[in-house]
Amino acid sequence: MTLLGAFARRFAVFLGTALVASVVIFVIVQALPGDVAQATLGLGATPDAVEALRQKWGLDRPLLVRYGEWLLGMLHGDFGASYLTGQSVSGQIAPRLAITGWLVALSIPLSTLVAVPLGLVAAMMRRRGLGAIVNGASHIGLAIPVFFAGAVLVIVFSVILGWLPANSYASLMTKGFSDWARHMVLPVASLVIVQSCLLVRYVRAGFIDVLTEDYYRTARSVGWTKWAGLVRHGLRNMATSLVTVLGMQTASLLVGAILVERVFVLPGLGSLLIDSVLNRDLMTVQGVGMLLVFAVLAINFVVDLLYFAIDPRLRRQVRA
Amino acid sequence: MSVLDVKDLSVDFGHHRNLVLDKVSLAVDDGQRLGLVGASGSGKTVLASAIMGLLPDNAHISGEILFRGTNLASLGDREFSKIRGRKLSMVFQEPMTALDPTMKVGLQAAELISLHRDSNPMATRDRVEQVFDRVGLSDAGKVTNAYPHELSGGQRQRVIIAMALMNRPALVICDEPTTALDATVQTQVLDVLDSELAASGAACLFISHDLNLVARMCNEVAVIHAGRIVERGTTEDVLNSPRHPYTRGLLATARIDQVEPGERLPVIEDFYTPDDRDNAGRHTELPRRWVSQYGPRQWRRSR
């Protein structure tokens, strides 16, 4: 089979999984106990009024029809309208996705940039002081909850020093770059601190593996110094496990960023999901849930492609 | 003049300082092929790694390793790296894992040139293909563009030999270069190694436990046992009239064709005479770690 065929197959799996997920999400959400119309009107409402609302929202129609409408709508970006507010779900998601998207898009590459050199040092100097310090610091950093890191950063940089705003979001479009950047520094920094501590551990373990490999010894024997040889012949070999972790972290951060969004009063995707679950805003829950599933599947798809780019042995297996 | 002169080299490992090499002295002359024979765990590979400066971090080393008058044991990583791959190179035992799986072999071989001298990409590629061609990699241009997993074990070992010879080194250390290959490929690879070493005039320290290979490749042989060089002489002398009981045992145990079916296979200890035992009745030549395992604590060497 060709490489293109392998991509096509993975893409088909990606789409198929997304379709199955949409069914699961729809069934779970629509089968939740508690009638939305009843809940909205309160316990004192007459059955007639409840029935009228059900008809108005289309809840009396068969499940299959409602699923079909939802699915077709999503294909051109319409996630339906909220039962509670009547607002478009897509319209609710978009601004929040922008905030969470920036947090993820900035913190993942930045924490990688921090973690790779630190992990390299921790691996190479693992029997010496500096390596132990980096390793110990990453252990401690792992134990710090991201909201705590955020709170400490706010106390230091906003309250005491007054350099940066403590909370809220400034849109890049309307407020301009410098205002946006000033508001992003602390939330992104607190994510980077915690994320990079986790990454350092994987990078360190990956490089330590390389140090014991025969090809590293060969690299040394042809004249690479310890450090240069490890970077030259270790980075790419270590990268497979790194992108696996990065993929998982990106996926978990889409919702997990709520921990830092709450501290900095940023209306992100996670808080939209939680608020709409609490309010029984089913269309929004369905929409956000579907978006997250789609994002996770897309991330996995990209990670799969990266494996092929990194490791030539996988390309061979595909052809064989 | 000797290209390599190891003097009183001792190596021990780790917290307990387990002694692996015990005051080893060994000289290799210019252009000479010296075989180094010994059983598993006798310290062959540690000696090779020590000469290459590739011992793990927890190794302690004492003594001198003079390479063309420079004491390698006292060199820092940066200075040593300028010698490794250029004047001193190594062929490893395991061709399947000795190459970086994510990099084309031509690129890995080209590093030998780009690391040690200024060379434009065209000249580098020509040189790589020329050496690949010499070690019998047919269609060298295609091989340079292959990843290691796309080559057979024999091809990979040829690549590694080509890399070791790339900069016309003064000394090539071969650590069981054909052990991992099957018999027919083994012969071909040895032929290539033999002729290319002869053509380049490089000296060679040929490490093996296979006496036939050593007899074929080397004019002199040293026998290492329990971290000590116990015997050295011309290949003919050592193989025909071994003086040390360990060597006698090594030679005799290699002749399993003389063992009758059903008979017990000889082991090296069978060839020790009572004279070889110390007062306590122990073999004086037992490896240190056996001694520390079975003997009283004061047997463990401490420094």
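Here is how names work: the chains are called A, B, and so on, in the same order as the sequence lines, proteins then strands, and each is numbered from 1.
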Check: Less than 4.5 Å apart, any side-chain heavy atom of Met52(B) and any of Arg217(A)?
Finding: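 No; the side chains remain at least 4.5 Å from each other.
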
Next item on the list: Sort Leu211(A) into side chain, backbone, both or neither according to what part of it lies under 4.5 angstrom from a heavy atom of chain B.
Entry: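 Interface part for Leu211(A): neither.
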
Next item on the list: With a 4.5 angstrom heavy-atom cut-off, could you sort out which part of Arg127(A) is near chain B: side chain, backbone, both or neither?
Entry: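 The side chain, not the backbone.
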
Margin query: Which atoms of Leu107(B) are under 4.5 Å from chain A, going by heavy atoms: the side chain, the backbone, both sets, or neither?
Written below: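 For Leu107(B), the side chain is the part near chain A, not the backbone.
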
Most heavy-atom pairs under 4.5 angstrom with chain A, which of [options]?
options	result
Met103(B), His116(B), Met90(B), Arg78(B)	Met103(B)
Ser49(B), Ser81(B), Pro56(B)	Ser81(B)
Ser89(B), Gly53(B), Pro101(B)	Pro101(B)

Checklist line | Reference residue Arg84(B); test side-chain contact (heavy atoms from CB on, under 4.5 Å); the match among Leu75(B), Asp77(B), Leu72(B) | finding: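 Filter result, single survivor: Asp77(B).
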
Next item on the list: Give me the one residue out of Leu259(A), Val185(A), Leu153(A) that meets side-chain contact (heavy atoms from CB on, under 4.5 Å) with Ser190(A).
Entry: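 Only one of Leu259(A), Val185(A), Leu153(A) forms a side-chain contact (heavy atoms from CB on, under 4.5 Å) with Ser190(A), namely Leu153(A).
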
Margin query: Which residue is it: Phe308(A), Phe14(A), Phe7(A)? I am looking for the one with a ring pair (Phe, Tyr, Trp, His ring centres under 6.0 Å) to Phe301(A).
Written below: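 With Phe301(A) as partner, ring pair (Phe, Tyr, Trp, His ring centres under 6.0 Å) holds for just one option, Phe14(A).
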
Notebook entry, point to check: Taking every heavy-atom pair that is under 4.5 Å apart, which of Gly234(A), Gly223(A), Ala228(A) has the most such pairs with chain B?
Noted result: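 Winner by heavy-atom pair count: Gly223(A).
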
Checklist line | Contact winner vs chain B - Thr218(A), Val222(A), Val210(A), heavy-atom pairs under 4.5 Å | finding: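 Answer, by heavy-atom pair count under 4.5 Å with chain B: Val222(A).
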
Note to self: If we count only N and O atoms by modelled type, under 3.5 Å, do the side chains of Thr100(A) and Glu261(A) hold a donor and an acceptor together?
What the structure shows: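 On atom types as modelled, these side chains qualify, holding a pair under 3.5 Å.
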
Next item on the list: Drop me the distance from Asp139(B)'s CG to Glu129(B)'s CD, to the nearest 0.5 angstrom.
Entry: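 Rounded to the nearest 0.5 Å, the CG-CD separation comes out at 9.0 Å.
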
